[in-house]
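Remarks on the structure that follows.
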Amino acid sequence: MRIVIVEDEPLIVQRIKRLTLEILTEHQPQIVCFGDIDDADDYLCENVIDLLLLDLNLMGRDGFELLKSKVSAAYHTIVISAYADKAIVAFEYGVLDFIAKPFDRDRLEAAFNRLLASSQKSFYGCRYLSVKKQGCIEIIAISDVSYIQAEGHYSLLHLCNNESALVNKNDSTAYLHNKNIEKIMQLLPINFLRVHRSYIVNMDNVDKIQIIEGSRYSLKLSNGQLIPIGRTKYKEVKEYFGNLD
Amino acid sequence: MIKAHLSFHLFIEAFMRTTLFAFVLILLASLFAIQTSVALASNQNQQVLSANQKVAPKVNSNVKPKKNIFYDIKIRPLGIKQSSVSLQCHSQSIDHSLWQTITFEELPQNQHFCLRASINIDQNTLTNTPTLLIAMLASAQLYWDGELLINNGVIGKSFEDETPGSITTLIRISDKNLQTGKHILSAEMSTFHVGKQLKSIGYIIRVVDEQKLNKAVLLVSMISALFFGILLILSIIFQLIYGLYQGNSSYQLFSVFCLFSALLLGIEQAKFWLNYTYDWHIYRLSLIYILTLCASFLLPFFYIVQYQLSSRSLWGLAIMVSLLGLSVLNPAYDITSSLLFIGSLIWALIINVYHLKKERSGKINSIVILLALTFVVLIPDYYSEVGFGLVFICIVMMMLVTLIKEMYSHKEKSLKAERVKTELLRRNMQPHFLMNCLTQLMELIEIKPKEATVLISALSDEFRQLTHQSEQGCVPLNDEISLCRKHLEIMSLRYQQSYKLTVVGKVDNISIPSSILHSQIENCFTHNHISTDRAFELTINKAKEQINLTLKTPIEKKVNHQGTGTGEKYIRAKLTEVSQTNSAFESYQEDQYWLSKFSFPNIKQG
């Protein structure tokens with residue numbers, strides 16, 4: 001497992017590194033440390049990593065811009081910060097976890113468990129997804145997302161109230177996110193269901209369940225589009241609607 | 001403590017605002033009163049000859065003299081052996097060839113003489129209670145158409161013989177003496193008790209309506225009394241503020257100015273309600289002169305103190321010399337006071353304009369003073385009656401406004417000082433610092449417990465010193481340096497480095513606004529990567545009473561950290577607390593160093 005730590009105080013770096021090595025021994029962690037994010041950026045561009053442990057001061061505007069660009073990346077980000085009052089905002093933008101300083105071994109371990117168990121959701125569902133598009137970061141409100149489609153190592157975000165989506169599948173309003181569908185799933189709020197190996201659907205945007213040929217089911221979205229439901233997922237979808245009644 | 005302080009402040013401010021409001025009301029009332037008295041005067045203009053009106057000495061025979069107004073005033077000096085009888089002073093028609101025609105203003109001083117004045121009475125235009133009003137500095141025996149009217153004092157041929165009469169004479173004239181037609185007022189007068197040479201000793205000779213006169217006098221005295229009261233209360237209040245609350249010398253000056261103004265107003269208006277014998281007039285004038293001199297000096301000096309101009313004594317000397325010069329230059333005693341006041345207004349204007357150019361404030365002050373000045377210069381007669389009080393009140397009001405503004409800014413300042421004090425503590429308790437320290441402590445406790453104890457004691461030392469310093473405005477430079485070194489010790493532990501501070505220059509007998517160096521070092525850590533191969537360097541330079549400090553921070557590169565700039569704000573606020581004008585702070589990068597330069601006047605301790 002490849003982990004990058006960004007933290008400027010040596011003793012804290014030492015602490016994070018020491019505890020990480022202890023907790024993740026089985027996963028043979030390879031840890032690289034940087035004093036600040038500018039130094040780390042070059043490395044992050046050229047290397048594939050699994051986790052970014054980021055010391056971030058979210059009190060200023062710069063901190064937020066930085067966070068937005070990190071959460072659009074393929075890897076998960078866990079923020080370790082002294083400013084605990086900004087935790088919710090960090091979650092809303094899509095960090096996997098937010099660790100307030102000072103922290104102990106157990107807290108760090110809980111965060112790593114969340115990372116490792118891909119079925120486990122983040123503590124607080126995100127409200128935005130940030131996407132890199134033509135070198136810029138775009139922020140998409142999660143309520144605007146209709147469904148998410150797996151696209152190899154990436155995910156394709158389809159937005160609601162978008163007539164053109166029917167006409168052209170590769171329309172410009174579909175956004176490519178760097179995270180794979182499992183990682184995105186971890187960040188999403190509970191109204192998003194993994195209905196298929198390749199699909200996550202915003203259930204607020206679903207019209208009804210439809211049966212098509214044989215015993216196959218699909219979801220009809222409010223714009224008329226059909227999303228297939230995986231055989232193993234049908235029960236979960238049914239339960240979701242059951243809970244609503 | 002602070003609460004009580006502020007509530008007192010609020011009380012004072014409320015009081016001052018109320019006074020200002022009252023002033024405006026009274027000003028309006030007095031404007032109304034003036035209008036009334038002007039209307040009164042214009043009503044009588046047809047009947048009386050005011051001493052102020054310049055009437056040609058020789059009445060042109062072509063122009064018919066106005067009804068009910070004295071005209072053709074003639075005098076003839078009495079020699080040692082002559083008497084009014086021998087000159088036929090009180091006879092109906094006499095040869096006037098030896099008589100000299102004058103205006104009433106030109107009554108001769110220190111003489112014994114006869115006076116004759118004619119009047120054409122028209123009974124139809126006379127008012128109900130026609131009364132002869134004479135105000136002058138003379139003893140007189142008055143005759144109406146050759147009939148004795150009244151003796152005012154005892155006339156004499158010399159200073160010793162004369163018993164001075166009172167300054168105003170008011171005699172009801174019976175209707176049978178006021179038949180339509182020409183009448184003669186004649187008098188034998190002596191004016192030996194005038195004293196100093198005055199511009200004029202004859203003030204007024206008119207036939208007026210007694211009721212209306214009384215009303216006007218009552219109105220004017222009432223307003224004067226109001227002004228007098230307010231000025232006196234203001235004087236007392238500001239003396240109290242100065243003594244008990246805030247030892248600001250401009251408050252005391254204002255208080256004294258109000259006191260002098262009140263006295264001046266009272267004595268100036270004394271002529272309306274105090275009928276003294278005319279030999280006292282010169283003493284009253286002297287008193288007015290002295291009070292005017294004081295008030296005239298205080299007015300511009302108030303602005304000098306208020307605006308905190310440098311070289312006060314030089315200004316003060318210049319003002320005093322020019323005012324004294326004015327009073328020496330002018331021979332006539334009674335107009336010296338007006339001249340002094342004009343001089344004072346000019347000085348006030350100069351100072352205000354000077355301040356306006358320098359600081360771009362005090363515009364309204366200058367305008368009001370300019371208006372007052374034009375008023376006094378252009379309409380001097382009007383000024384001497386009621387205008388005097390008005391001009392004074394306007395100026396007092398302006399001063400009051402200035403003081404209210406100052407009080408307000410002072411309140412803001414003391415609130416700000418409180419904020420700055422808490423800011424220092426808050427900044428040092430901020431999560432970034434505290435939480436990171438705690439995280440490091442956790443690590444040290446688990447790995448090197450001994451170092452944890454060192455860090456804890458260093459931290460507690462720093463906090464103790466900071467709490468102590470936040471209560472202080474200024475601290476000895478030595479204490480500040482030791483606080484900085486303490487901080488560097490903590491930072492060394494935190495970053496596992498060794499940061500040092502070297503001091504160049506003499507440290508003794510210098511005091512510094514508390515914690516500003518500490519704040520700047522802290523700032524440098526948040527915004528830069530500090531290099532460890534070189535030490536921090538503090539250079540102390542003392543030029544007279546001005547302290548110049550340069551802090552060189554060795555940096556590797558600048559981090560664009562999310563700084564909110566509170567550190568710099570704190571430093572600037574602290575420096576302005578010490579001195580608004582003589583303090584400076586700048587900070588910039590130069591090669592491998594971040595330079596921070598502080599400059600402030602040394603505050604004596606003790």
Side-chain angles (χ1 to χ4, degrees), chain A residues 5-23 33-42 53-69 79-87 89-90 98-109 111, chain B residues 426-456 458-459 487 489-499 522-532 555-568:
Chain A
I5 298 174
V6 178
E7 164 68 59
D8 65 332
E9 307 205 24
L11 267 176
I12 302 179
V13 174
Q14 181 191 316
R15 178 170 183 76
I16 300 171
K17 199 172 172 181
R18 180 174 65 85
L19 294 174
T20 309
L21 285 170
E22 272 178 42
I23 298 162
C33 303
F34 294 96
D36 70 62
I37 195 72
D38 295 332
D39 295 339
D41 268 344
D42 292 340
L53 288 167
L54 180 60
D55 166 40
L56 190 59
N57 175 1
L58 284 175
M59 297 306 275
R61 249 193 82 236
D62 299 348
F64 260 106
E65 294 307 316
L66 194 71
L67 183 68
K68 284 175 193 170
S69 83
V79 168
I80 302 180
S81 173
Y83 298 92
D85 48 343
K86 294 288 174 189
V89 189
F98 184 102
I99 301 176
K101 286 177 185 172
F103 56 91
D104 56 12
R105 190 181 190 277
D106 293 348
R107 182 65 189 84
L108 206 58
E109 196 167 1
Chain B
R426 204 184 59 74
R427 258 172 15 80
N428 285 286
M429 288 291 199
Q430 63 181 313
H432 182 73
F433 181 79
L434 204 62
M435 296 305 171
N436 278 319
C437 277
L438 291 174
T439 316
Q440 284 150 345
L441 278 172
M442 269 186 166
E443 179 64 11
L444 285 176
I445 289 166
E446 286 169 24
I447 306 298
K448 306 176 203 161
K450 270 195 182 152
E451 266 189 43
T453 358
V454 177
L455 182 54
I456 288 173
L459 276 172
H487 191 69
E489 188 189 328
I490 291 166
M491 290 323 243
S492 301
L493 281 168
R494 288 179 57 179
Y495 285 94
Q496 303 281 289
Q497 301 284 358
S498 169
Y499 301 113
E522 211 182 16
N523 254 0
C524 286
F525 269 102
T526 3
H527 295 283
N528 303 288
H529 271 282
I530 308 294
S531 162
T532 44
I555 53 169
E556 265 162 10
K557 65 170 181 177
K558 200 172 183 314
V559 186
N560 249 338
H561 227 282
Q562 305 80 20
T564 43
T566 52
E568 196 182 323

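Letters go in sequence order (proteins before strands), and every chain restarts at 1.
Taking CZ from B:Arg494 and CG from A:Asp8, the interatomic distance works out to 8.0 Å, rounded to the nearest 0.5 Å.
With sequence neighbours excluded, no residue forms a side-chain hydrogen bond (donor to acceptor under 3.5 Å, both in side chains) with B:Thr532. Taking A:Asp42 as the reference, nothing meets the side-chain contact (heavy atoms from CB on, under 4.5 Å) condition, with sequence neighbours excluded.
Surrounding NZ of A:Lys68 are more than 12 heavy atoms belonging to other residues, nucleotides or ligands, all under 6.0 Å away.
Of all heavy-atom pairs between A:Leu11 and B:Leu493, the closest is CD1-O, 3.7 Å. Among all heavy-atom pairs drawn from B:Met435 and A:Ala82, the shortest one is CB-CB, 3.5 Å. Counting all heavy atoms, side chain and backbone alike, A:Pro10 lies closest to B:Gln496 at CB-CG, 4.4 Å.
Among pairs with a residue in residues 431-440 of chain B, none fulfils salt bridge (Lys or Arg N to Asp or Glu O under 4.0 Å), at least two apart in sequence or across chains.
Contacts of residues 439-447 of chain B with chain A at a heavy-atom distance below 4.5 Å involve B:Thr439, B:Gln440, B:Met442, B:Glu443, B:Leu444, B:Glu446, B:Ile447, listed in sequence order.
Most heavy-atom pairs under 4.5 Å with chain B: of the set A:Lys101, A:Arg15, A:Arg18, this distinction falls to A:Arg15.
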